[in-house]
Amino acid sequence: MNEEKETLDRESLCLNYEGQWELTALEQVEVILPCPDMIEVPGAPEKIVGMIYHAGGLIPVFRPEKGMKTVPKKAPACVVLIRKEDGSLYGMAADEVTGGDAIDTVYE
């Protein structure tokens with residue numbers, strides 16, 4: 001079991017945002033953007049934090065849903081851009097990024 005956990009830690013990132021979390025495969029992570037300028041989207045579903053402008057386009061930013069209890073009141077400290085199989089990008093809000101066989105990072 002420890003070997004499985006080590007593999008999981010090396011091959012995935014855990015994104016934490018106000019008590020909520022999400023695991024994502026490290027190979028899908030495009031870039032981590034600290035202190036992003038968020039564009040609010042009035043009337044958007046609760047799972048959407050907002051949008052960011054990156055590389056000439058607007059990218060939706062979602063919040064982790066595991067552990068979701070309430071809508072976070074503060075903007076995320078970073079956005080992790082994740083590449084989908086079709087090549088498009090989406091963002092995940094985070095304040096803390098752990099795993100990936102790297103130094104765990106808390107963004108402020």
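Just so it is clear, the model here is predicted, and its values are computed rather than measured.
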Counting distance only, does the side-chain N/O of [X] pair as donor-acceptor with the main-chain N or O of [Y] below 3.5 Å?
X: D95; Y: A77; result: yes
X: R63; Y: E46; result: yes
X: Q20; Y: P64; result: yes

Side-chain touch [X]/[Y], heavy atoms, less than 4.5 angstrom:
X: V97; Y: C78; result: yes
X: M92; Y: I82; result: yes
X: S12; Y: L23; result: yes
X: I39; Y: L58; result: yes
X: V61; Y: I48; result: no
X: V79; Y: I59; result: no

State plainly whether one hydrophobic cluster holds both [X] and [Y], where clusters connect Ile, Leu, Val, Met, Phe, Trp and Tyr through side-chain heavy atoms under 4.5 angstrom apart.
X: V41; Y: L89; value: no
X: M51; Y: I32; value: no
X: Y53; Y: V49; value: no

**Asked** Which pair of heavy atoms, one from A94 and one from L15, lies closest together, and at what distance?
**Response** CB-CB, 4.1 Å

**Request:** Give every residue pair that meets the salt bridge (charged side-chain N to carboxylate O under 4.0 Å, His left out) criterion with at least one member in residues 24-43, sequence neighbours excluded.
**Result:** E30-R83

**Item:** E22 side, atom CD; N16 side, atom CG - distance, nearest 0.5 Å
**Value:** 10.5 Å

**Message:** Going by side-chain hydrogen bond (donor to acceptor under 3.5 Å, both in side chains), name the residues that satisfy it together with Q28, two or more places apart in sequence or in a different chain.
**Reply:** none

**Prompt:** Where do I52 and M38 land on the side-chain contact (heavy atoms from CB on, under 4.5 Å) test, with the steps shown first?
**Reply:** CA-CA 5 Å; I52 60 169; M38 295 296 299; 3.6 Å; yes

